[in-house]
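First up is the structure itself, then whatever we jot down about it.
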2 protein chains.
Amino acid sequence: MEIFHEHLKRSGLKRTEQRDLILSVFLETEGHVSAEELYELVKKRDPSVGFTTIYRTLKLILEAGLAREVRFNDGRARYEHEYKHEHHDHLICIQCNCLIEFYSADIERIQEEIAAQYQFKIIDHSHRIFGLCAECQKKIQHGVLRNTYHH
Amino acid sequence: MEIFHEHLKRSGLKRTEQRDLILSVFLETEGHVSAEELYELVKKRDPSVGFTTIYRTLKLILEAGLAREVRFNDGRARYEHEYKHEHHDHLICIQCNCLIEFYSADIERIQEEIAAQYQFKIIDHSHRIFGLCAECQKKIQHGVLRNTYHH
DNA sequence: CTTAGTGCAAACCGTTTGCAAATGC
DNA sequence: GCATTTGCAAACGGTTTGCACTAAG
């Protein structure tokens with residue numbers, strides 16, 4: 001919260017009720033909220049807040065370094081906490097859309113090595129592994145689900 | 001080409017001039033074409049082909065396993081050859097949008113290990129590393145470019 | 001001659017923008 | 001008071017869809 005107010009002040013922006021509300025609702029969420037989901041949650045507390053303000057405030061929250069934008073396969077951006085949440089990547093089930101978070105120090109290190117080799121300066125990365133979770137594999141085997149993915 | 005015709009036949013679809021043309025133009029491209037770029041290229045050979053047909057045919061090419069869809073940071077899908085092109089991932093410069101392709105057998109192996117640990121069946125993955133290429137770092141140092149990225 | 005494919009225009013969906021009214025500082 | 005923010009509605013950009021027409025099998 002203070003980080004956010006810092007960021008506002010530093011950028012010559014104003015602290016408003018809406019911004020405070022949106023940030024605190026965001027901080028209460030777990031996982032990966034979309035703008036629309038956040039909008040619905042915010043509306044419960046103050047129905048007068050508009051869609052636009054959610055988008056604009058999310059941008060500020062990103063700039064303040066409090067959130068990370070992630071995109072899975074549904075075309076919409078999702079936001080996860082960045083502050084004091086160690087970095088992770090995702091296994092994404094293309095059947096049920098469930099997520100498994102993973103972290104590999106080895107992969108991170110190899111990444112750094114590869115970048116160094118090209119004198120590339122890493123700012124961020126997105127490593128997404130798409131496939132079928134254990135559950136969905138079972139369902140497909142038992143004929144509950146049709147195996148519809150390609151290849 | 002035969003793979004594509006196979007796929008059409010197998011799916012009970014028809015072979016058409018447009019589809020053949022779009023595929024062959026796609027196969028002549030190098031790198032990462034967007035639907036719009038492909039449309040422009042196709043129009044040079046046959047101006048009557050419509051936008052829609054490009055999209056629909058790209059979908060078929062994907063299904064046939066001849067292309068892979070990749071998304072960088074401009075919101076549009078891009079397509080790269082999949083057939084007889086070994087898998088790779090990308091370093092993406094957020095200043096000049098240039099791309100460096102990389103491949104790491106180690107990362108691929110670790111990925112497999114992680115997936116196995118969760119009994120997750122990998123179908124595909126997308127590993128994108130965003131940052132600054134060597135060129136753009138130099139330009140920023142020399143004040144040619146402003147360093148505008150966040151964090 | 002029947003089924004699938006085409007091109008066009010309109011729809012779509014997530015996100016952004018222009019604007020007049022409202023609010024923080 | 002002045003600049004910034006707000007909510008609304010309209011615009012946006014990439015992609016998809018409904019439709020009457022055309023072409024492949």
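Chain naming here is simple, since letters A, B, ... match the order of the sequence lines and numbering starts at 1 in each. Because only heavy atoms are used, hydrogens play no part in the values below, and waters and symmetry mates are left out as well, while side chains stay in.
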The side-chain hydrogen bond (donor to acceptor under 3.5 Å, both in side chains) partners of A/S48 (sequence neighbours excluded) come to A/D46
With sequence neighbours left out, the residues meeting salt bridge (charged side-chain N to carboxylate O under 4.0 Å, His left out) with B/E108 are none
#### Entry: Phosphate-side-chain proximity, B/K14 and C/dT6, N/O vs OP1/OP2 below 4.0 Å
no
Between CD1 of B/I61 and C1' of C/dG5 the distance, given in whole Å, is 15 Å
Its 5'-most and 3'-most nucleotides having an atom under 4.0 Å from a non-hydrogen atom of chain A, DNA chain D is contacted over D/dA3 to D/dA9
The salt bridge (charged side-chain N to carboxylate O under 4.0 Å, His left out) partners of A/E30 (sequence neighbours excluded) come to none
Whether B/Q18 contacts C/dG7 is assessed here as follows: a side-chain N or O lying under 4.0 Å from the phosphate OP1 or OP2. Is that the case?
yes
Here the distance between atom P of C/dT16 and atom CG of B/D74, to the nearest Å, is 14 Å
- request: Identify whether any heavy atom of A/K59 sits under 4.0 Å from a base atom; if not, whether one sits that close to sugar-phosphate; answer base, sugar-phosphate or nothing.
  value: sugar-phosphate
Notebook entry, point to check: What does B/T16 touch in the nucleic acid at a heavy-atom separation under 4.0 angstrom: a base, only the sugar-phosphate, or nothing?
Noted result: sugar-phosphate
Atom OH of B/Y55 and atom C1' of C/dG5 are separated, to the nearest Å, by 19 Å
- prompt: On a plain distance test, is the side chain of B/R56 in donor-acceptor contact with the base of C/dG7 below 3.5 Å?
  reply: yes
For A/Q119, the side-chain hydrogen bond (donor to acceptor under 3.5 Å, both in side chains) test, sequence neighbours excluded, returns none
Hits for ring-ring contact (aromatic ring centres under 6.0 Å, His included) against A/H5, two or more places apart or cross-chain, chain-then-number order -> none
